[in-house]
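Working notes for the structure below.
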Amino acid sequence: MVLNGSSKVADAQSGKVSADLIIAGGTIVTMDNTRRIIENGAIAVSHGRIVAVGPKAEIQKGYFARETVDATGRILIPGLVNGHTHIPMTLFRGLADDLDLQEWLTKYIFPAEAKNVTEEFVRAGTRLGLAEMIRGGTTTYCDMYYFEDAIAEETSKAGVRGVLGETVIDFPVADNKTNAEAMAYVEKFVKRWQGDELIVPAIAPHAPYTVSEEHLKAVRAFSDRTGAPIVTHISETKREVDDSIKAKKLSPVDYLDGIGFLNERVIAAHVVWPSAAEIDTLKRLKVGVVHNPQSNMKLAAGVAPVPKMLSAGVRVGLGTDGAASNNDLNMWEEMDTAAKLHKVFSGDPKVLSALEAFEMATIRGAQALHLDREIGSIEVGKRADIAVIERDDLHQIPLYNIYSDLVYATKAADVLTVVINGKIVMRDRKLLTLDEAAIKDSARVFREKVMKSLEATPPK
Ligand SMILES: [Zn+2]
């Protein structure tokens, strides 16, 4: 057992230290440096942080708590990290499928967004996405959208952790019509949320092909001044690379490196088409990369060289991308898909293991978001972001290897209880911070509005 000195408020009678919450029993998959697994373990939590992890008997001898979760017979994992999404796009789920990225974006998504995205739309879509993510054991997500301040409010109210990036893009969008407006919005947004326990405000230039060099440099200068992370898309499609070479004589990572844009605060989604030299650049500059296998498959964007990036030491996490290109926010499917996609693509079943896939959804995901000092593993001192997984359903029996069970067999519906920042946000499958019925009703109302808006001028 490891004790955290700051919380040694011993009870006079029992000699035990007071904690806010104890989760006891079950197998703890810590994802610490040694990948320690503790059978019949327990976790004590105080002030949102893990203060002790160890065998249940030891923790119970040393701590008492007002609130307890019995995890006997279950699996305790660090909360999953969804490294890339556009959360309000849950309201566009299934709107347009089976298209390539350019056609999907320009004919369907951008027009649907232009006609429908308001602050209320964003709030409703965010609540839907948050509920779906909590139900699947995701405790941290990284977002890029419009009205990100409203997304931050909803996320904070639901008690979920987020790296939330306000979009900067070179055409008028729902919340900001000009670059000057967007930069002013981001300034206020970052100031408001910086230092929050759950929300990390970020700036999100959409992509190197939708934001000019001048504006990208201004984003980097903003990030240097404020310390805010930069969330962006890089090298998603072959066409993006070809166009970049045509227009700038450089592929996207080389171009961004050339203008001094990349550093250890950048979180880059996709990176499907980097060259070997570009992979070295990403490693050298400590850029976080987020792999979105299901979105890349669905839009036929290609297969990111994840095994190469992992062996080069790049910080690689895992994400779902927006629900319009996936079509869910389920990190269990994403882990399973990542492990299998790279096997079939390389012809080598050893190329990406279940453990590596699980790492990308937890500790490596935290590294990709540059948050690994705070989250991504169950260790003393880290934020108490923990999911309790049921392991009693038919598809989980019998069990030989815990990572195999988690990646290849466990479903989002097996997530039983979720703790974020020491607070229980779902207990025994019941959401405690969000109203599930109201969320569904409001999503259905928005569906009617979206359908009507597209009937008026059907996509060309
Ligand atoms: Zn995206």
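Just follow the structure's listing: the first ligand is 1, and inside any ligand the first atom is 1. Note: hydrogens, waters and symmetry copies are ignored here, and every other heavy atom, side chains too, is used.
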Legend entry - Protein N/O/S atoms closer than 2.8 Å to the Zn ion (ligand 1): H84 NE2, H86 NE2, H233 NE2, D321 OD1
Inset, instruction - Report the residue from D405, T410, T27, L76 that forms a side-chain contact (heavy atoms from CB on, under 4.5 Å) with I389. - result: T410
Legend entry - Summary of ring pair (Phe, Tyr, Trp, His ring centres under 6.0 Å) pairs that have at least one residue in residues 311-337, sequence neighbours excluded: none
Legend entry - Chi angles and distances behind the ring-ring contact (aromatic ring centres under 6.0 Å, His included) call for Y255, Y209: CA-CA 11 Å; Y255 159 70; Y209 61 93; over 10 Å; no
Inset, instruction - Measure from the ring center of F121 to the ring center of F92 and say whether it is less than 6.0 Å. - result: yes
Check: residues 293-301 side-chain donor-acceptor pairs under 3.5 Å, at least two apart:
from: Q294; atom 1: NE2; to: E333; atom 2: OE1; distance (Å): 3.4
from: Q294; atom 1: NE2; to: T337; atom 2: OG1; distance (Å): 2.9
from: S295; atom 1: OG; to: D321; atom 2: OD2; distance (Å): 2.8
from: S295; atom 1: OG; to: S325; atom 2: OG; distance (Å): 3.4
from: N296; atom 1: ND2; to: H270; atom 2: ND1; distance (Å): 3.1
from: K298; atom 1: NZ; to: D97; atom 2: OD1; distance (Å): 2.7
from: K298; atom 1: NZ; to: N327; atom 2: OD1; distance (Å): 3.0

Legend entry - Partner residues of R284 under the salt bridge (charged side-chain N to carboxylate O under 4.0 Å, His left out) criterion, sequence neighbours left out: D257
